[in-house]
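Working notes, structure below.
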Number of protein chains: 2
Amino acid sequence: MNIVDFLTTVPLFRGLNREQYDHLAMIATDQEYAKGQSIFAEGDPGEGFFMVMSGQVKIYKLSFEGKEQILHIFGPGEPFAEAAVFIGSPYPAHAMALAPSRVLFLPRRAFIELINRQPELALNMLAALSLRLKKFAQLIEELSLKEVPDRLAAHLLSLSDQQQGRDQVVLPVSKTQLAGLLGTIPETLSRIFNKMAKAGMISTDGPRITIQDREALDQLANGERKL
Amino acid sequence: MNIVDFLTTVPLFRGLNREQYDHLAMIATDQEYAKGQSIFAEGDPGEGFFMVMSGQVKIYKLSFEGKEQILHIFGPGEPFAEAAVFIGSPYPAHAMALAPSRVLFLPRRAFIELINRQPELALNMLAALSLRLKKFAQLIEELSLKEVPDRLAAHLLSLSDQQQGRDQVVLPVSKTQLAGLLGTIPETLSRIFNKMAKAGMISTDGPRITIQDREALDQLANGERKL
């Protein structure tokens, strides 16, 4: 596959125009790695970011005792190290080819120069990422709405138990942390709180939740009712 | 809440530095909308994008007969119209305040000038969005791994039935479309295909899937086995 054709398939670069793909292809270099070959080490200066064209790349950390902790395994079309490189940090972990791999390298300096000359490239990338993020958020919401309301109801009832069965409970963690605990994102958690409030099950005032209909929450927690 | 404090809470701008927040605040204007007041109409030039500070905003389309189709309801911290504005398109839908709302407006032209002067702002935003996208993708994977393998197994068996019970089936849609149909994203779908191949249930060759262990797929589809 040639580089331009490949770039058009990378979600990070979706929706650019032909000229922008050409410019990216001009600064990109094509690299081959053998199975087990290192691509970069943690702490190396972040001189550029990568996209897997074929093969597989693992991103990992090493403990003090040399034990390996795999953070990610990336396959075709996936970028890696781009966030660190955009910010200008050193590589935050090690990268190694898990299989014979072809990897596209985009040097940071040339990428920044390109954005300086063509801010629309950055705007297009921002637009593409932003749209993708909204789609992902919507999918998370659809996937979460099956179980997260039940888990949230169970959590609120257990908080109430811990707080001597009172109807007013105070969330002990932030809503962002609670979203993580329940396996969703803050946006979706907020919508679930709103739905519960509209259904008359609770009322909310910042981190203070008042249980209005304990029976309904109980049914929700036991899967006998849907939100 | 002042504008800089608000901007630090917006995921789109997470991880910027103090100076960058100040610059954004300088180009932003604070707007108030009454319940039911229009913010923009479909087709208006995309002169800037918005973030909800308080209240709620609905984004909707109108059919030829005037029937309203709500696309999104955005609440505090959520940006809207940013993708269209980044690309330079007109507003793709109507926006109206659903409740008394305070909204931050960032004019496109000033935003582009800011990025011209400070490409690091765009890079930081790209980094933040990119990290957030990876987190979302991981969460989708965790949420999907519960049910998507079962649905994929059922889909493969039904394709085989449609194709005279043959062991080799050809996917009739792209993997991106299939991911959408199964309620996940292409990255996760690929990983599920890989896991199925590693477990010896199938082998894959582009859109051609060969069923290697029909019984295992059957058990997966019936929830009697996990991947």
Side-chain angles (χ1 to χ4, degrees), chain A residues 9 11-12 15 49 56 72-80 82-89 108 111-117 119-140 142-144 146-148 179-180 183-188 190-191 194, chain B residues 11-12 15 49 56 72-80 82-89 108 111-117 119-140 142-144 146-148 176 179-180 183-188 190-191 194:
Chain A
T9 68
L12 183 64
F49 63 101
Q56 264 191 334
H72 275 292
I73 293 181
F74 290 116
E78 293 181 303
F80 58 99
E82 81 289 5
V85 167
F86 291 161
I87 298 174
S89 314
R108 174 179 157 82
F111 183 73
I112 292 178
E113 275 167 21
L114 191 56
I115 283 187
N116 275 328
R117 285 203 314 274
E120 322 83 64
L121 173 67
L123 289 167
N124 271 6
M125 287 179 66
L126 287 172
L129 288 179
S130 191
L131 281 179
R132 209 150 177 258
L133 211 46
K134 286 195 179 179
K135 262 192 212 148
F136 279 23
Q138 202 172 352
L139 184 54
I140 290 172
E142 284 161 19
L143 291 164
S144 307
K146 282 179 211 145
E147 295 179 5
V148 177
T184 190
I185 54 176
E187 293 86 333
T188 296
S190 288
R191 264 190 266 272
N194 286 340
Chain B
L12 183 64
F49 63 101
Q56 263 190 336
H72 274 293
I73 294 180
F74 290 116
E78 293 182 301
F80 59 98
E82 81 289 6
V85 167
F86 291 161
I87 298 174
S89 313
R108 174 179 158 82
F111 183 73
I112 293 179
E113 275 168 20
L114 191 57
I115 283 188
N116 276 328
R117 286 202 313 275
E120 323 84 63
L121 173 66
L123 289 167
N124 271 4
M125 285 177 68
L126 287 173
L129 288 179
S130 191
L131 281 179
R132 209 151 176 257
L133 210 46
K134 287 195 178 181
K135 262 191 211 149
F136 279 22
Q138 201 172 353
L139 184 53
I140 290 172
E142 285 161 19
L143 291 164
S144 308
K146 282 178 210 147
E147 295 179 6
V148 178
T176 301
T184 189
I185 54 177
E187 294 87 329
T188 296
S190 288
R191 265 190 266 272
N194 285 340

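Residue numbers begin at 1 in each chain, while the letters A, B, ... track the order of the sequences.
Under the side chain to side chain contact (heavy atoms under 4.5 Å, CB included) criterion, B/Pro79 pairs with B/Leu12, B/Met51, B/Glu82, sequence neighbours left out. Shown here are the side chain to side chain contact (heavy atoms under 4.5 Å, CB included) partners of B/Leu114, two or more places apart in sequence or in another chain: B/His23, B/Leu24, B/Ile27, B/Arg117, B/Leu121.
With rounding to the nearest 0.5 Å, the separation of NZ in A/Lys134 from CZ in B/Phe136 is 11.5 Å. The distance from the CZ atom of A/Phe111 to the CG atom of B/Leu126 is 6.0 Å, given to the nearest 0.5 Å.
Taking chain A as the reference chain and counting heavy-atom pairs below 4.5 Å, the highest number among B/Leu143, B/Ile185, B/Leu129, B/Leu133 is found for B/Leu133. Comparing A/Glu147, A/Glu142, A/Glu120 by how many heavy-atom pairs each has under 4.5 Å with chain B, the most go to A/Glu147. The residue among A/Met125, A/Arg132, A/His72 with the most heavy atom pairs within less than 4.5 Å of chain B is A/Arg132. Among A/Ser130, A/Gly77, A/Pro186, A/Ala128, the residue making the largest number of heavy-atom pairs under 4.5 Å with chain B is A/Ser130.
Neither the backbone nor the side chain of A/Lys135 comes within less than 4.5 Å of any heavy atom of chain B. With a 4.5 Å cut-off on non-hydrogen atoms, A/Leu139 touches chain B through its side chain but not through its backbone. Residue A/Ala137 touches chain B through both its backbone and its side chain, counting heavy-atom pairs closer than 4.5 Å. Interface remark: A/Thr184 contributes backbone atoms only to the contact with chain B (heavy atom separation under 4.5 Å). Proximity to chain A is absent for every atom of B/Thr176, based on heavy atoms less than 4.5 angstrom apart. At a 4.5 Å heavy-atom cutoff, the contact between B/Phe74 and chain A is made by side-chain atoms alone.
The shortest heavy-atom contact between A/Ile115 and B/Pro119 is CG2-CB, 4.2 Å. Nearest heavy-atom pair, A/Ala122 versus B/Ala122, reported as atom, atom and distance to 0.1 Å: CB-CB, 3.8 Å.
Using a 4.5 Å heavy-atom threshold, the side chains of A/Leu123 and B/Ile87 count as separate.
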